[in-house]
Asks: 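Here it is: the structure, laid out below.
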Amino acid sequence: MGLSPYRAEKTAFFVSYYPKASEFDPEPSEDQKAFHDFCEHTGWILAATSAQMQIFYNERENPTPIETDPALEVGIIHRAAKKAFLPLYFVLLAISLFSSMLFISTLLSDPISLLASSSNLFTGFAWTMLLLLCITELFGYYSWRSRAIKAAERGEFLDISGHSRLLRFIFWTALIGFAYWLITLIMIDQKLMLVIGLLMVLYMALLFFLVNIIKQYLKSKKAPASVNRTVTMVSCFILSFAMMGAITFGTLRAVQSGAFKPDRENQEDNLTSYLDELPLTVEDLLDIEFDGYIREHGGSESLILSQFTMRQHARFDSGYYAEVPSLEYTITAIKIPSLYEICKEQMLCEQDERNNKRIPDGHKKVYEVHDAVPWGAQEVYRLVSQDSGPMNWYLLCYKDRIIEIKFDWEPTPEQMKIVAEKLSGEKS
């Protein structure tokens, strides 16, 4: 019913398992109590229990083992594992495997959005660590069981060999990943993501605490295990739904009130006009005066790279949306040089349709090499429609950043120079 004794100085310890036990049981069953009494008569004192696991100690010299049949011991341990340990780890294995595959797929198909988000990086990293943990635990258990069965056939007990070093590695690696995520959000001043992240950490801790209180309260009231399990699970669902709803509602209200964007002002008609600061505006390029512009600035940043999209256009309800010139551009800043070609290739493929078999030849949009000198860039590509000609859509490659920019008009050489001065990041 357990593992072989372990002696610490003059005290021996023995771990046994009772497959029928549950963490929701209000007290030990009659069979367990009888077993505890039997053990006490032979010098084994119950030290602690946790669901199916029972730990005994014995201070006598050379105590008689509680369990003397290795085959029976292995069978009991496996029945206990099938009830709690194995189902949980197989579920976690499936979830972590799916999430890790999704993480790798995104890394291959859209590396920019993934690498530019410290939250996505940490989440994918955490799922990968969980996958490693599940594989290690399951492989370790089945490997031990296979060897334990062979040892039992020889009438021998087989001790469990742990993998504490790997577990410590996973723990510290995950902790370092969490610290990276937290430091990144603080350094790049992403207040919204920082608040959401901290709220989620608090949410998980508080949910675990409250659900455990409910479970322990029902146990103290001697509620049957089935009742305790049902009430605890329902309470967990209700609490998680309510708490997540509160976080979502509070965050949306804070965003709408401008708590994270104090420069967004409310208009008299209660519509929000976005007045974000932009490094390049239509007014920098054209002689125009228009008070109804919306200026939007959004994106993400990590210690590896950043990508921000800026838009300037008339309000949709202003009546001038189609008449007033607009401007849109995306700045991708690469902080690790080895990632530059990967980012450039992705940004070229996002709009270039030459390999898209669903679009017939002659109707595709493709990037063609353009004169880089007016832009002060290393390389420039212009999007060209095969059926209507060149478009005012450019991809500008500078030393440590790539800029995708769209105009409502044909830019002049003077305007190209202004773009380089404002967006290239290079000092003239």
Side-chain angles (χ1 to χ4, degrees), residues 1-70 72-89 92 133 136-138 140-141 144-145 148 157-168 170-171 205 207-229 231-233 236:
M1 203 174 193
L3 303 179
S4 301
Y6 167 75
R7 176 167 291 279
E9 296 181 353
K10 294 183 179 181
T11 302
F13 292 90
F14 189 89
V15 179
S16 71
Y17 292 88
Y18 185 68
K20 295 181 180 180
S22 167
E23 61 179 314
F24 299 100
D25 291 334
E27 57 186 9
S29 66
E30 293 301 322
D31 288 343
Q32 280 182 286
K33 292 178 181 179
F35 176 68
H36 296 165
D37 291 339
F38 166 77
C39 293
E40 188 172 353
H41 284 303
T42 57
W44 292 97
I45 309 301
L46 182 66
T49 62
S50 177
Q52 298 167 312
M53 185 171 64
Q54 305 165 105
I55 303 175
F56 297 87
Y57 71 92
N58 195 323
E59 296 180 343
R60 298 178 183 179
E61 290 289 339
N62 300 317
T64 301
I66 294 177
E67 184 58 64
T68 57
D69 186 344
L72 179 61
E73 177 189 43
V74 174
I76 290 174
I77 291 175
H78 188 57
R79 288 200 300 273
K82 286 195 298 183
K83 185 175 181 181
F85 166 77
L86 293 177
L88 173 63
Y89 270 88
L92 290 177
L133 175 63
T136 301
E137 291 287 357
L138 290 171
Y141 171 76
W144 171 85
R145 182 170 181 265
F157 289 96
L158 181 66
D159 290 334
I160 293 179
S161 56
H163 33 262
S164 57
R165 290 185 178 179
L166 180 59
L167 294 179
R168 284 198 296 269
I170 293 174
F171 171 78
L207 179 64
F208 177 82
F209 176 73
L210 293 176
V211 170
N212 190 61
I213 285 180
I214 294 173
K215 181 180 68 175
Q216 296 302 327
Y217 174 77
L218 292 174
K219 289 177 68 173
S220 69
K221 294 299 181 180
K222 309 299 181 184
S226 59
V227 174
N228 192 333
R229 182 184 294 106
V231 173
T232 300
M233 295 302 178
C236 180

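What you are looking at is a predicted structure, and each value in this text was computed from that prediction instead of being measured.
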Asks: Which residues pass the ring-ring contact (aromatic ring centres under 6.0 Å, His included) test with Y89, sequence neighbours left out?
Replies: F85
Asks: Quick one: does any side-chain atom of N228 pair with a main-chain N or O of A223 as donor and acceptor, under 3.5 Å?
Replies: no
Asks: Check the pair L138, L86 against side-chain contact (heavy atoms from CB on, under 4.5 Å), reporting the backbone distance first and the verdict last.
Replies: CA-CA 8 Å; L138 290 171; L86 293 177; 3.8 Å; yes
Asks: Using a 4.5 Å cut-off on heavy atoms from C-beta on, say whether the side chain of T11 contacts that of F13.
Replies: yes
Asks: Heavy atoms, side chains only, cut-off 4.5 Å: are C39 and F14 in contact?
Replies: no
Asks: Check whether any side-chain heavy atom of H36 sits under 4.5 Å from a side-chain heavy atom of Y18, and report yes or no.
Replies: no
Asks: Output the distance between atom CZ (F56) and atom OG1 (T49), rounded to the nearest 0.5 Å.
Replies: 9.0 Å
Asks: Check this for me: K222, atom NZ, are more than 12 non-hydrogen atoms of other residues, nucleotides or ligands nearer than 6.0 Å?
Replies: yes
Asks: Check for a donor-acceptor pair, side chain of K219 on one end and backbone N or O of E23 on the other, with a separation under 3.5 Å.
Replies: yes
Asks: Indicate yes or no: at least one non-hydrogen side-chain atom of V15 is less than 4.5 angstrom from one of M53.
Replies: yes
Asks: Give the intermediate values and the outcome of side-chain hydrogen bond (donor to acceptor under 3.5 Å, both in side chains) for residues H78 and Y141.
Replies: CA-CA 9 Å; H78 188 57; Y141 171 76; 2.7 Å; yes
Asks: State, yes or no, whether a side-chain contact exists between R79 and I76 at a heavy-atom distance under 4.5 Å.
Replies: yes
